[in-house]
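What follows is one structure encoded as structure tokens, with my remarks underneath.
We name chains A, B, ... by the order of the sequence lines, and we start the count at 1 in each one. Here the structure is a predicted model, which means the values were calculated and not measured.
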2 protein chains.
Amino acid sequence: MEKTSFSSSPCSIARSLDVLGDWWNPLIIRECLYGVHRFDEYQKHLGIGRNILTRRLKQLVGEGLLERRLYQEKPQRYEYHLTEKGYDAARVLLGFMSFGEKWYFDSGKDPIRLYDRDSGAQVVPLLVDAATKKPIDPQKLYAGPGPGFPESDVVRRERFDEFFRRKSEVEPNKTT
Amino acid sequence: MEKTSFSSSPCSIARSLDVLGDWWNPLIIRECLYGVHRFDEYQKHLGIGRNILTRRLKQLVGEGLLERRLYQEKPQRYEYHLTEKGYDAARVLLGFMSFGEKWYFDSGKDPIRLYDRDSGAQVVPLLVDAATKKPIDPQKLYAGPGPGFPESDVVRRERFDEFFRRKSEVEPNKTT
DNA sequence: GGTATTGAGTTTCATTATGCAACTGACTAT
DNA sequence: ATAGTCAGTTGCATAATGAAACTCAATACC
């Protein structure tokens, strides 16, 4: 397998996939969000092999999404809790939820619902543009290099068709 | 490996992971979103093995996220395009982007930016509650069974600690 | 006409990760 | 003294991956 690490890729998606692009890690984070924190509970709820659970937990702790918390001294026992980064990863899971609900369950028959801890009101995640607060339609997007895009990476620039086409309409003299 | 399919799990996250819980599928969808549609282009951009690219494309077409489009008759040649479902999956990718940008790149140095096709304005994805339009804080959420949750699945109900605790505060007579 | 190139895949094979089951070690409850 | 809980390890068969070479079919070059 050799797992092809994307940790050096200049793409936020690829970077995230290093820790979230797998079957178990998101599910472990989900359980944590639902209030599961101990080894055997993860194992039972997920049906994951104990060996790979060990590995996944180590990875998630190593990546800073979970923290190990000693909850008992006598035989040392640890719980796993979400860090701030872990909670941010959970936000990605909400994306999975919305997608899954729409495409795999009849509408109105969603298996799980989310509520606000303060108000108790149901929470329905929606992806919007931060500025206009309007829902995002991926079909109406195009991508371009940002400030952190490596100048050197000429090959990958090929992808940003639309960006450069539009740019050259604005500055027709500069031919990239 | 035996890939443990979650297709029957009563969880939207698990269901989504069947097709998105992998390193390549999200990246293929990303490329598609950036305007890449042909076999050799995927292979070059992603550095993915041609054999597994074949399998992934088949899976994505089979799952209905991509559609094969004949673009040349003589030697039959196909392009892969996002379906509506595929574009919805792309919405999940935006979640990955936000996460990756925040945790793996200095702020203001995001490698890739998104723009609106109509207005040309930059688009910044943000997860909000559909009703209140306020940003979602995963720390302030708790989960409970929805209308589609299988009554039979008593084991998994254990997870919804907070939900049942709160419920019994409201209806203290009914002890679940 | 013969050779090279492109596009889209297969095939083969060594390397890794996974799932399963059994085992260890430290303690606790009966 | 025996059974049970919790958190892992260890060992092994099996399945997925990555890399490179190979197959077709057709067009482009000379």
* Between L53(A) (CG) and dT10(D) (C1'), how many Å, whole number? -> 16 Å
* How would you label the contact of R55(A) with the nucleic acid (heavy atoms, under 4.0 Å): base, sugar-phosphate, or nothing? -> base
* To do: Verify the contact: side-chain N or O of W24(A) to OP1 or OP2 of dA17(C), cut-off strictly under 4.0 Å; return yes or no.
  => no
* Can the ring centres of Y71(A) and Y78(A) be said to be less than 6.0 Å apart? -> no
* Please work out which of the three classes, parallel, tilted or perpendicular, describes the rings of Y104(B) and F99(B), given edges at 30° and 60°. => perpendicular
* Which listed nucleotide (dA8(C), dT17(D), dT9(D)) is nearest to the side chain of T54(A)? -> dT9(D)
* To do: Mind calculating the distance between CD1 (I52(A)) and P (dT14(D)) to the nearest angstrom?
  => 19 Å
* Whole Å only: how far is the CZ atom of R56(A) from the P atom of dG19(C)? -> 9 Å
* To do: Indicate whether any N or O donor in one side chain lies under 3.5 Å from an N or O acceptor in the other, for Y80(A) and R69(A).
  => no
* Could you tell me whether the phosphate oxygens of dC6(D), OP1 or OP2, come under 4.0 Å of any side-chain nitrogen or oxygen in Y42(A)? => no
* Check the distance between dT17(D)'s C1' and L17(A)'s CG and give it to me in whole angstrom. => 16 Å
* Asked: Within the modelled atom types, does a donor on one side and an acceptor on the other bring the side chain of N51(A) and the base of dG11(D) under 3.5 Å apart?
  -> yes
* Whole angstrom is fine here: how far is it from CD in Q72(A) over to P in dC6(D)? => 9 Å
* Structure fact -> Rounded to the nearest 0.5 angstrom, the NE2-CD distance for H45(A) and E31(A) is 6.0 Å
* To do: Please state whether the phosphate of dG9(C), meaning OP1 or OP2, lies under 4.0 angstrom from any side-chain nitrogen or oxygen of Y80(B).
  => yes
Heteroatom pairs (N/O) under 3.5 angstrom, protein to nucleotides 22-27 of chain D:
unit_1: dT27(D); atom_1: OP1; unit_2: K74(B); atom_2: NZ; d: 3.1

* Nucleotide dA8(C), atom P - distance to CZ of F39(B) in whole Å -> 8 Å
* **N or O in side chain of K58(B) less than 4.0 angstrom from dT10(C) OP1/OP2** => yes
* Given dG9(C), dG7(C), dG8(D), the nucleotide with the shortest approach to the side chain of K44(B) -> dG7(C)
* To do: Could you tell me the separation between the CG atom of L57(A) and the P atom of dC6(D), rounded to a whole number of Å?
  => 16 Å
* Reference residue I28(A); test side-chain contact (heavy atoms from CB on, under 4.5 Å); the match among L53(A), V36(A), D22(A) -> L53(A)
* Would N51(A) and T54(A) satisfy side-chain hydrogen bond (donor to acceptor under 3.5 Å, both in side chains), going step by step from the backbone distance to the final call? -> CA-CA 5 Å; N51(A) 50 355; T54(A) 301; over 6 Å; no
* Over how many whole Å does the gap from E79(A) atom CD to dA7(D) atom P extend? -> 8 Å
* Measuring from H37(B):NE2 to L66(B):CG, what's the distance to the nearest 0.5 Å? -> 10.0 Å
